[in-house]
Amino acid sequence: MDVRPPCRYRGRFAPSPTGPLHLGSLIAAVGSFADARHQNGVWLVRIEDTDQQRAVAGADSLILKTLEAFGLYWDEAISYQSQRSALYQAALERLYQDRRCYPCACTRREIASRGRPGPEGPIYPGSCRRGLPPGRQGRSTRLRVDCAELSVRDAIHGLYSQALAAEVGDFVLRRADGFYAYQLAVVVDDGEQGITHVVRGADLLASTPRQIYLQRCLGLPQPAYAHLPLVLDAHGRKLSKSLASAPVDPGDPLPRLVQVWSLLGQPLPEEPPANVSEFWQQAIASWSLTQAPRGPIPIASTGDFGTQPF
Ligand code: GLU
């Protein structure tokens with residue numbers, strides 16, 4: 001794989017086209033854009049549609065239209081993971097050559113019955129690590145995780161450590177249905193696109209040690225990470241499907257933009273902006289990643305979001 005020479009700042013927003021942009025993804029888009037622009041960086045948009053079963057037709061163009069309505073303009077051609085399989089395959093071949101990964105015959109049911117429970121479901125018990133059992137065929141590909149503890153310094157959360165082998169175990173790079181796993185695709189793309197700063201939702205903080213481990217296996221540079229807060233409902237739960245998936249209205253972006261900005265702990269522009277472009281002209285200079293709240297944002301405390309579709 002060609003790795004681009006490091007540039008001062010290359011950020012990205014990487015939505016999965018499973019539906020229109022919602023509040024949580026708008027927060028990630030605004031935060032990653034503001035951080036890139038504040039540092040005079042480049043900001044890319046990558047459509048993460050490796051999982052064609054989850055991709056919804058037309059969701060990508062809806063997302064892009066909404067980003068434009070919010071003044072979130074990207075710098076280079078949009079990339080689509082569905083068109084980048086050759087890169088993922090090449091990375092997988094390299095990992096096979098280096099004996100970092102192996103074919104796995106186990107079904108979900110087998111893993112559920114033999115694996116210890118872990119934070120993200122049963123931990124793979126290593127059944128195929130030393131070779132496929134006789135008579136069994138490989139279904140998926142797994143990365144061999146030989147790393148007891150991996151730590152990352154997150155710009156918002158500080159030091160985050162994970163006992164990678166014990167808590168996560170050997171994880172999937174290519175799924176039994178043939179799709180490349182998110183962890184592989186995101187690491188290959190961030191490397192190939194020369195991403196230096198990853199600003200995204202806190203639901204992905206627990207994936208970050210896996211991604212760093214994979215970067216090391218592939219000899220890729222490690223970007224800086226910042227994980228923006230998630231939005232919770234009045235009961236402290238991750239937003240209910242209905243509210244979480246309520247589409248952001250691209251028709252009247254300014255009030256929403258102002259609300260998201262204050263949810264991110266940022267001071268509102270002194271002069272009330274007349275439109276989105278005026279908002280950004282004032283807002284970019286004052287952006288501060290370290291002002292973003294660490295904990296989840298309870299939606300009820302923001303009052304005006306209420307329980308109405310955002
Ligand atoms: N595609 C992921 C999502 O929509 C984001 C991946 C990332 O930013 O690394 O949740």
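In listed order, ligands and their atoms are each counted from 1. Quick note: residue numbers are just sequence positions, from 1. It should be emphasised that the depicted structure is a prediction, and the values quoted were computed from it without experimental measurement.
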- Note on the structure: Checking heavy-atom distances from atom 1 (N) of ligand 1 to each of Gln81, Arg200, Gln183, Glu48, the winner is Glu48
Output the list of atoms in ligand 1 that are nearer than 4.0 Å to some heavy atom of [X], sorted by atom number.
X	result
Ser16	1 (N), 2 (C), 3 (C), 4 (O)
Tyr182	6 (C), 7 (C), 9 (O)
Arg12	7 (C), 8 (O), 9 (O)
Val186	9 (O)

- Note on the structure: Residues Pro253 and Pro250: closest non-hydrogen pair is CD-O, 3.5 Å
- Answer side chain, backbone, both or neither: which part of Val198 comes under 4.0 Å from ligand 1, heavy atoms only. neither
- Could you tell me whether Phe13 approaches ligand 1 through its side chain, its backbone, both or neither, with non-hydrogen atoms closer than 4.0 Å? neither
- With the threshold set at 4.0 Å, does a side-chain nitrogen-carboxylate oxygen contact exist between Asp51 and Arg175? yes
- Take atom CZ of Arg136 as the centre, draw a 6.0 Å sphere, and report whether it contains more than 12 heavy atoms from other residues, nucleotides or ligands. yes
- Taking the six-membered ring where the residue is Trp, are the ring centres of Trp287 and Trp280 under 6.0 Å apart? no
- Query: What residue and atom, counting heavy atoms only, is the protein's closest point to atom 5 (C) of ligand 1, and at what distance?
  - Reply: Ala14 O, 3.3 Å
- Task: State whether the shortest distance between N or O atoms of Leu204 and N or O atoms of ligand 1 falls below 3.5 angstrom.
- Result: no
- Item | Modelled atom types, side-chain donor and acceptor of Gln266 and Ser286, under 3.5 Å | no
- Query: Within the distance-only criterion (no hydrogens, no angle test), does the side chain of Arg8 pair as donor or acceptor with the backbone N or O of Gly41 below 3.5 angstrom?
  - Reply: no
- Task: Decide whether Phe171 and Ile212 are clustered together by the hydrophobic rule: side chain heavy atoms of Ile, Leu, Val, Met, Phe, Trp, Tyr closer than 4.5 Å, transitively.
- Result: yes
